[in-house]
Amino acid sequence: GMDGAPPPASPAGLSAYVAVSQLLGLTLLATMGAWLGLYRGGVAWQSPLQFNVHPLCMVLGMVFLQGDALLVYRVFRHEAKHSTKVLHALLHGLALVIALVGVVAVFESHRTKGIPDMYSLHSWCGMAAFVLYLLQWLLGCGFFLLPGASFSLRGRYKPQHVFFGIALFALSIAACLLGITEMLLFNIRDSYSHFVPEGVLANTLGVMLVAFGLVVGYVLTRDDWKRPPLAEELALSMDFKTLTEGESPGGGS
């Protein structure tokens, strides 16, 4: 048996890329905090600063936590599949809750200030990302976490789940970039073109969002970094093949 053997090491390079992604993620959160703190008056809920809760929550939830939830299967390579799956779902769920707070903040702030909702490209892309992300999470829980979905149904849905997971992460970053641009044009339209510090800081935040997305995307799309199936998972799928392809009495389900 292999029971006493240490788990195989992560592939060369994977740990470095994951570390870079976390460093970028924390730096972009700090940069967002610095922008809001130094130039936008900070963050508060019951006040004219309520709007600032929105960009902070969106970057934290829809970018940083969503990215980390996607990386779970690459980072926890040798843990039981079910606990990895639960962590993946919990991180996405936390991201959704934080994003919901951000969505509520912007609608309440608009209502207080008499600003119209949902007219800009940023709001359309952002709302699409949020609603589809919620749908993706519900479908993922339904297919992969709750008992009931058959092995073959999971197998058929999985490629779509994986593709739309990456696509929604990209859409979330795009919505953030549109939001940053919109915020700059609303707040410093006249001085933005003079390379004022606020504009440079916000542009830097945008570049870091793209960098975070690229690093996470690279880790996710490298075939040799995919999570290897554990022995018991292979055994399960072999049993399943025997059941479905062999003449199983009672047509095993």
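Given the structure is predicted, the values throughout are model-derived calculations rather than measurements. We're numbering straight along the sequence, starting at 1.
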If you look at every heavy atom in [X] and [Y], which pair is closest and at what distance?
X: Val63; Y: Phe169; value: O-CE1, 3.5 Å
X: Val215; Y: Ser21; value: CG1-CB, 3.8 Å
X: Leu184; Y: Gly199; value: CD2-CA, 4.1 Å
X: Val219; Y: Tyr17; value: CG2-CB, 3.6 Å
X: Gly41; Y: Leu49; value: O-CD1, 3.1 Å

Going only through I, L, V, M, F, W and Y residues with side-chain contacts under 4.5 Å, is there a path from [X] to [Y]?
X: Ile166; Y: Tyr218; value: yes
X: Val59; Y: Leu178; value: no
X: Leu23; Y: Ile173; value: no
X: Leu153; Y: Val162; value: no
X: Leu36; Y: Leu26; value: yes

Atom [atom1] in [X], atom [atom2] in [Y]: separation rounded to 0.5 Å?
X: Leu201; Y: Leu38; atom1: CG; atom2: CG; result: 7.5 Å
X: Met58; Y: Leu60; atom1: CE; atom2: CG; result: 10.5 Å
X: Thr181; Y: Leu121; atom1: OG1; atom2: CG; result: 10.0 Å
X: Leu71; Y: Leu220; atom1: CG; atom2: CG; result: 5.5 Å
X: Thr27; Y: Met32; atom1: OG1; atom2: CE; result: 14.0 Å

Are side-chain heavy atoms of [X] and [Y] found at a separation under 4.5 Å?
X: Ser172; Y: Gln66; answer: yes
X: Arg227; Y: Thr84; answer: yes
X: Asp117; Y: Ser123; answer: no
X: Arg40; Y: Glu198; answer: yes
X: His110; Y: Pro116; answer: no
X: Phe143; Y: Lys158; answer: no
X: Asp224; Y: Pro11; answer: no
X: Leu171; Y: Phe164; answer: no

Which label fits Phe212 and Phe64: parallel for a plane angle under 30°, tilted from 30 to 60°, or perpendicular past 60°?
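Tilted: the ring planes of Phe212 and Phe64 meet at 30° to 60°.
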
Measure from the side-chain N and O atoms of Glu79 to the backbone N and O of Val75, and report whether any donor-acceptor pair falls under 3.5 Å.
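Not at all, since once roles are kept as given, no pair shorter than 3.5 Å links the two residues.
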
Can any side-chain N or O of Arg74 pair as donor or acceptor with the backbone N or O of Val18 at less than 3.5 Å?
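No; zero donor-acceptor contacts below 3.5 Å.
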
Can you check side chain to side chain contact (heavy atoms under 4.5 Å, CB included) on Arg154 and Ser150, steps first, answer last?
CA-CA 6 Å; Arg154 286 180 177 190; Ser150 72; over 6 Å; no

Test log, rule side chain to side chain contact (heavy atoms under 4.5 Å, CB included), inputs Ser109 and Thr112
CA-CA 5 Å; Ser109 158; Thr112 313; 5.6 Å; no

If you count the non-hydrogen atoms of other residues, nucleotides and ligands that lie under 6.0 Å from CH2 in Trp124, is the total more than 12?
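Atom CH2 in Trp124 is not crowded, with 12 or fewer foreign heavy atoms closer than 6.0 Å.
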
Is the OH atom of Tyr119 crowded by more than 12 outside heavy atoms at less than 6.0 Å?
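Result for OH/Tyr119: enclosed.
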
Is the distance between the ring centroids of Phe144 and Tyr157 less than 6.0 Å?
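When the ring centroids of Phe144 and Tyr157 are compared, they turn out to be within the sub-6.0 Å range.
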
Proximity of His88 and Tyr73 rings by center, below 6.0 Å:
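Yes: the rings meet the under 6.0 Å criterion.
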
Carefully, step by step, assess Asn52 and Leu56 under the rule side chain to side chain contact (heavy atoms under 4.5 Å, CB included).
CA-CA 7 Å; Asn52 293 350; Leu56 190 61; over 6 Å; no

Connected hydrophobic set around Val97, excluding itself, where side chains approach under 4.5 Å:
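Traced through the cluster, Val97 reaches no other member.
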
Exercise: do Asp68 and Gln22 side chains pair donor with acceptor under 3.5 Å
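Indeed, the side chains of Asp68 and Gln22 share at least one donor-acceptor pair under 3.5 Å.
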
How far apart are the C-alpha atoms of Leu177 and His122, what are their side-chain angles, what is the distance that settles it, and do they pass the side chain to side chain contact (heavy atoms under 4.5 Å, CB included) test?
CA-CA 8 Å; Leu177 297 178; His122 163 65; over 6 Å; no

